[in-house]
Q: 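Here it is, the structure, as structure tokens.
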Amino acid sequence: MSFDRSLKIAPSILSADFANFGAEIRAVEAEGADWIHVDVMDGHFVPNLTFGPPMCAAIRPHIKTVMDVHLMIAPVDPYIDAFAAAGADILTAHLEAGPHVHRTLQAIRGAGCKAGLALNPGTGIGDIEHLLDMVDLICVMTVNPGFGGQKFIHSQIEKVRRLRQMIGDRPIHIEIDGGITPETAPLMTQAGADVLVAGSAVFKGGSVSNPAPYGDNIRAIKAACATMA
Ligand code: DX5
Ligand code: ZN
């Protein structure tokens with residue numbers, strides 16, 4: 001099968017109702033979510049705490065699309081097998097999370113997951129040249145990781161443009177995470193991104209009992225990208 005570079009929206013459940021993840025996931029997928037983005041935070045690599053492998057295993061049966069797990073944790077390696085066993089399709093580790101990212105990416109693929117590599121806004125792309133054949137996804141953070149609802153950092157547009165050139169024909173997704181709205185999304189798809197994580201912009205205005213706004217919000221982001229294409 002050829003590599004799918006079409007636009008995908010990955011709602012982050014960080015902005016969903018924490019008391020109702022299963023229903024939230026079913027609702028947002030029914031409303032058009034392409035992937036489900038799961039933000040794992042350890043209160044150490046980032047200044048916030050969310051959830052771990054048991055929580056991922058609990059929500060897995062509710063995800064019909066792709067379980068995209070973003071690990072904002074350090075160290076990463078001791079937890080890879082547990083997140084793989086919890087059913088992650090993609091496991092994304094941060095370049096900044098440790099000195100042996102090459103080993104981490106090997107371990108992620110070895111555990112049967114697609115391997116993602118995330119870059120904080122302050123990290124350049126120079127250091128990833130020798131990792132390109134080991135990754136299935138590169139996640140460019142457009143906020144400093146830790147919280148939803150932050151403001152998009154515009155300096156990352158040029159980084160994505162250069163990354164897109166560096167990737168060439170390789171089958172690697174470029175994912176953008178943070179501050180995505182109908183205004184910022186087209187800047188990133190024009191620069192070369194194909195996966196847009198969106199938390200607050202997808203879940204705002206809706207709920208499990210009134211999920212239609214989720215669909216409206218997803219379509220608004222996609223429409224804005226199509227207009228600027
Ligand atoms: C931030 C997380 C994001 C976050 C995005 O650390 O990695 O996935 O949930 O939220 P918004 O779309 O609200 O910026
Ligand atoms: Zn994320």
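Whatever order the structure lists them in is the order used to number ligands and atoms, beginning at 1.
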Q: Would you call K222 and D34 a salt bridge, using N to O less than 4.0 angstrom?
A: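 Between D34 and K222 there is a salt bridge, with a charged N closer than 4.0 Å to a carboxylate O.
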Q: With the Zn ion (ligand 2) at the apex, how many degrees lie between ND1 of H70 and OD1 of D39, rounded to 10 degrees?
A: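 Rounding to the nearest 10 degrees gives 90°.
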Q: Would D194 and K8 count as a salt bridge (Lys or Arg N to Asp or Glu O under 4.0 Å) if you check the C-alpha gap in whole Å, the side-chain angles of each, and the deciding distance to 0.1 Å?
A: CA-CA 6 Å; D194 65 302; K8 292 163 283 295; 3.1 Å; yes
Q: Salt-bridge test for K114 and D68: reply yes if a basic N is under 4.0 Å from a carboxylate O, no otherwise.
A: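 D68 and K114: not salt-bridged.
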Q: Return the residue, atom name and 0.1 Å-rounded distance of the protein heavy atom closest to atom 5 (C) of ligand 1.
A: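 Nearest neighbour among protein heavy atoms for atom 5 (C) of ligand 1, to 0.1 Å: D177 OD1, 3.6 Å.
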Q: Could you please compute the angle at the Zn ion (ligand 2) from NE2 of H37 to OD2 of D177, rounded to 10°?
A: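 It comes to 100°.
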Q: Evaluate S15 for polar contact with ligand 1, using N/O atom pairs at a separation under 3.5 Å.
A: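 No, no N or O pair falls under 3.5 Å.
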Q: Pull out every atom of ligand 1 sitting under 4.0 Å from any heavy atom of V197, numbered as shown with elements.
A: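 The list of qualifying atoms is 8 (O).
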Q: Do any N/O atoms on G179 end up under 3.5 angstrom from N/O atoms on ligand 1?
A: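 Yes; at least one N/O pair falls below 3.5 Å.
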Q: Need the ligand 1 atom indices (1-based, order shown) with element for anything under 4.0 Å from a heavy-atom of M41.
A: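 Counting from 1, the qualifying ligand atoms are 6 (O).
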Q: Using a 3.5 Å cut-off on N or O atoms only, is A201 in polar contact with ligand 1?
A: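 No - when backbone and side-chain N and O of A201 are compared with those of ligand 1, no distance drops under 3.5 Å.
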Q: Run the numbers for me: atoms of ligand 1, each under 4.0 Å from some heavy atom of M72, listed by number.
A: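 So the answer, numbered in order with elements, is 6 (O), 7 (O).
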Q: Specify the protein heavy atom at minimum distance from atom 1 (C) of ligand 1: its residue, its atom name, and the distance to 0.1 Å.
A: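 For this ligand atom, the closest protein heavy atom is F147 O, 3.6 Å.
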Q: Quickly, which of D177, T50, V197 forms a side chain to side chain contact (heavy atoms under 4.5 Å, CB included) with H70? Name it, please.
A: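 That would be D177; it is the only one of D177, T50, V197 passing the side chain to side chain contact (heavy atoms under 4.5 Å, CB included) with H70.
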Q: Would a single hydrophobic cluster contain both L7 and F152, if residues Ile, Leu, Val, Met, Phe, Trp and Tyr are joined by side-chain heavy-atom contacts under 4.5 Å?
A: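 Yes: a chain of side-chain contacts under 4.5 Å links F152 to L7.
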Q: Checking side chain to side chain contact (heavy atoms under 4.5 Å, CB included) against I13, which of V28, I63, D39, I59 comes through?
A: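 Exactly one pass, corresponding to I59.
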Q: Would you check whether G199 has a nitrogen or oxygen atom less than 3.5 angstrom from a nitrogen or oxygen atom of ligand 1?
A: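 Yes, at least one N or O pair falls under 3.5 Å.
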Q: Can you get from I73 to L119 by hopping between Ile, Leu, Val, Met, Phe, Trp and Tyr side chains that sit under 4.5 Å apart?
A: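 Yes.
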Q: Quick check on contacts: which atoms of ligand 1 are under 4.0 angstrom from a heavy atom of G178?
A: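 Ligand 1 atoms under the 4.0 Å threshold to G178: 14 (O).
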Q: Can you establish whether the number of heavy atoms outside F147 located under 6.0 Å from its atom CZ is more than 12?
A: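 It does: F147 CZ has more than 12 such atoms within range.
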Q: Check this for me: D127, atom CG, are more than 12 non-hydrogen atoms of other residues, nucleotides or ligands nearer than 6.0 Å?
A: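 Not more than 12 within 6.0 Å, no.
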Q: Provide the number and element of each atom of ligand 1 under 4.0 Å from a heavy atom of H37.
A: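 Counting from 1, the qualifying ligand atoms are 8 (O).
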Q: Kindly indicate, with the supporting measurements, whether the criterion salt bridge (Lys or Arg N to Asp or Glu O under 4.0 Å) is fulfilled by R103 and D77.
A: CA-CA 8 Å; R103 176 185 290 147; D77 295 12; 5.2 Å; no
Q: Starting from atom 6 (O) of ligand 1, find the nearest protein heavy-atom neighbour and note its residue, name and distance.
A: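 Protein heavy atom at minimum distance: G146 N, 2.7 Å.
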Q: Just which atoms of ligand 1 are under 4.0 Å from any heavy atom in S12?
A: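 Answer for ligand 1: 8 (O), 9 (O).
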Q: Where's the contact between S200 and ligand 1, heavy-atom distance under 4.0 Å: side chain, backbone, both or neither?
A: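 It is both parts that get close, each with some atom under 4.0 Å.
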Q: So if you build clusters from Ile, Leu, Val, Met, Phe, Trp, Tyr with side-chain heavy-atom gaps below 4.5 Å, do I157 and I138 land together?
A: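 Same cluster.
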Q: Could you find the nearest protein heavy atom to atom 10 (O) of ligand 1 and give me its residue, atom name and distance?
A: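 I find the closest protein heavy atom is G148 CA, 3.5 Å.
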Q: Which pair of heavy atoms, one from P11 and one from F203, lies closest together, and at what distance?
A: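 Where P11 meets F203 most closely, the heavy atoms are CB-CE1, 3.8 Å.
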Q: Which of the numbered atoms in ligand 1 are under 4.0 angstrom from any heavy atom belonging to A198?
A: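 By the 4.0 Å cutoff, the relevant atoms are 12 (O).
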Q: Report, in ascending order of atom number, the atoms of ligand 1 lying under 4.0 Å from any heavy atom of D39.
A: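 Numbered from 1, ligand 1 contributes 2 (C), 3 (C), 4 (C), 7 (O), 8 (O), 9 (O).
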Q: Taking N120 for the side chain and M141 for the main chain, is one N or O donor matched with an acceptor at less than 3.5 Å?
A: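 Answer holds: no.
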Q: If I apply the N/O under 3.5 Å rule, does P145 come out as touching ligand 1?
A: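 Looking only at distances, the answer is no, because the N/O contact criterion of under 3.5 Å is not met.
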Q: Are any N, O or S atoms from C139 nearer to the Zn ion (ligand 2) than 2.8 Å?
A: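 Under 2.8 Å: C139 has no N, O or S contact with the Zn ion (ligand 2).
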